[in-house]
Amino acid sequence: MTGREYRGMSAAERVADRRERLINAAYGLFANPGFHATTIERLCSTAHISNRAFYECFSGREELMRAVYERCVDDTLNAVGAAIENAPPTLEGRIVAGITEYVRYVTLDVRRARIMHLEVRRAGDVLSGSRQKAVAGFTHMIESSLKGLQEELPAELHLLALALIGALTELLIEWVLSDDRPEKDLLVATAVHVFRRSFQTDPT
């Protein structure tokens, strides 16, 4: 046995437990009131741990923010990937399935939507690397899910995928910030329209 046990938990398990509590606390606080408005003291109070214990888990708020953001992205990638995998093996089928699941999953919890599409920008350089990694992940998903289909794809598929991710991101920002939020079905329909036009697909 390595490390001293406390209340049935080893030292490593205690750190893992505190880390998870901090991530859960940050998930709510970084969404509202936001990353810059949230202090380490408030994070620790919400997670019910000491300030000293915080630094056993994370080097600072920036590392915690990256952990929260990257978990949101990974969960979304998994959900969208599963939807595309189960969609009809056509360009139209995969486009509609991917967009529909992305909008559904991200807006299922407004905290996830705010962190992924609002706070990621407000955090600035703190998340620049993680954001680039996320964009690369979604771009690769689009490209890999469409390649191999019988339909002819545009030569500039990579650039189109990047542009389309940007368009979908802006739609979600509008949803997050609007007092009168557009219906989710309208977000999906708008994004699908953009994708169809970009890939010159025939919805018939």
Side-chain angles (χ1 to χ4, degrees), residues 20 22-38 62 64-88 91-124 126-146 158 160-199:
E20 194 63 26
L22 281 167
I23 288 175
N24 289 334
Y27 183 56
L29 292 172
F30 285 166
N32 186 28
F35 172 71
H36 289 297
T38 301
E62 293 79 7
L64 175 55
M65 180 61 172
R66 281 192 292 272
V68 173
Y69 173 74
E70 289 176 3
R71 178 173 294 187
C72 288
V73 169
D74 288 344
D75 289 347
T76 304
L77 279 168
N78 288 335
V80 175
I84 292 174
E85 183 69 23
N86 293 322
L91 186 59
E92 174 74 9
R94 291 185 175 177
I95 284 174
V96 172
I99 292 174
T100 301
E101 181 60 14
Y102 184 89
V103 172
R104 185 203 71 82
Y105 189 78
V106 171
T107 60
L108 193 62
D109 189 332
V110 69
R111 295 173 296 180
R112 182 185 297 116
R114 290 185 67 88
I115 287 170
M116 288 183 64
H117 296 290
L118 186 61
E119 290 304 316
V120 64
R121 296 191 173 195
R122 290 178 172 174
V126 171
L127 288 182
S128 60
S130 295
R131 185 173 182 276
Q132 288 178 329
K133 181 180 176 182
V135 171
F138 284 110
T139 302
H140 176 73
M141 176 176 289
I142 293 173
E143 293 180 88
S144 61
S145 67
L146 298 184
H158 179 71
L160 276 175
L162 285 171
L164 296 173
I165 289 169
L168 189 54
T169 296
E170 291 302 321
L171 288 172
L172 268 297
I173 291 174
E174 175 69 14
W175 184 84
V176 168
L177 292 177
S178 294
D179 293 328
D180 184 17
R181 288 176 175 164
E183 294 293 330
K184 298 175 186 179
D185 288 346
L186 181 58
L187 295 180
V188 171
T190 302
V192 168
H193 175 75
V194 172
F195 270 58
R196 282 172 177 160
R197 291 294 184 180
S198 299
F199 286 101

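All figures in this text were calculated on a predicted structure; none of them were measured in a lab.
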More than 12 non-hydrogen atoms from neighbouring residues, nucleotides or ligands closer than 6.0 Å to [atom1] on [X], yes or no?
X    : atom1 : result
H36  : NE2   : yes
N86  : CG    : yes
E143 : CD    : yes

Looking at [X] and [Y], what are the two nearest heavy atoms and their distance?
X    : Y    : value
S198 : L160 : O-CD1, 3.7 Å
V126 : R66  : O-NH1, 3.3 Å
A97  : A87  : CB-CB, 3.4 Å

Quick one, [X] and [Y] - any side-chain contact, counting heavy atoms below 4.5 Å?
X    : Y    : answer
N32  : R111 : no
H117 : E170 : no
W175 : V110 : yes
M116 : L172 : no
E101 : T76  : no
V120 : I115 : no
V103 : L168 : yes
V73  : F138 : yes

Between [atom1] on residue [X] and [atom2] on residue [Y], distance to nearest 0.5 Å:
X    : Y    : atom1 : atom2 : answer
I84  : S144 : CD1   : OG    : 7.5 Å
L187 : R181 : CG    : CZ    : 10.5 Å
T38  : M65  : OG1   : CE    : 9.0 Å
S130 : E70  : OG    : CD    : 3.5 Å
F195 : I142 : CZ    : CD1   : 4.5 Å
Y102 : L77  : OH    : CG    : 8.5 Å

(message) I'd like to know if E92 pairs up with R196 as an ion pair, taking the criterion as any Lys NZ or Arg NE/NH1/NH2 lying under 4.0 Å from an Asp or Glu carboxylate oxygen.
(response) yes

(request) Output yes when E20 and R71 qualify as a salt bridge under the 4.0 Å nitrogen-oxygen rule, no when they do not. (result) yes

(request) Give the C-alpha distance, both sets of side-chain angles, the deciding distance and a yes or no for side-chain contact (heavy atoms from CB on, under 4.5 Å) between Y105 and V80. (result) CA-CA 8 Å; Y105 189 78; V80 175; 5.7 Å; no

(message) Using the ring centroid of each side chain, check whether F30 and Y69 are separated by less than 6.0 Å.
(response) no

(message) Go through it in stages, so that I can follow the logic: the residues are E119 and L127, the test is side-chain contact (heavy atoms from CB on, under 4.5 Å), and I'd like the CA-CA distance, side-chain angles, deciding distance and then a yes or no.
(response) CA-CA 9 Å; E119 290 304 316; L127 288 182; over 6 Å; no

(request) Tell me, with the steps shown, if M141 and I165 meet side-chain contact (heavy atoms from CB on, under 4.5 Å). (result) CA-CA 11 Å; M141 176 176 289; I165 289 169; over 6 Å; no

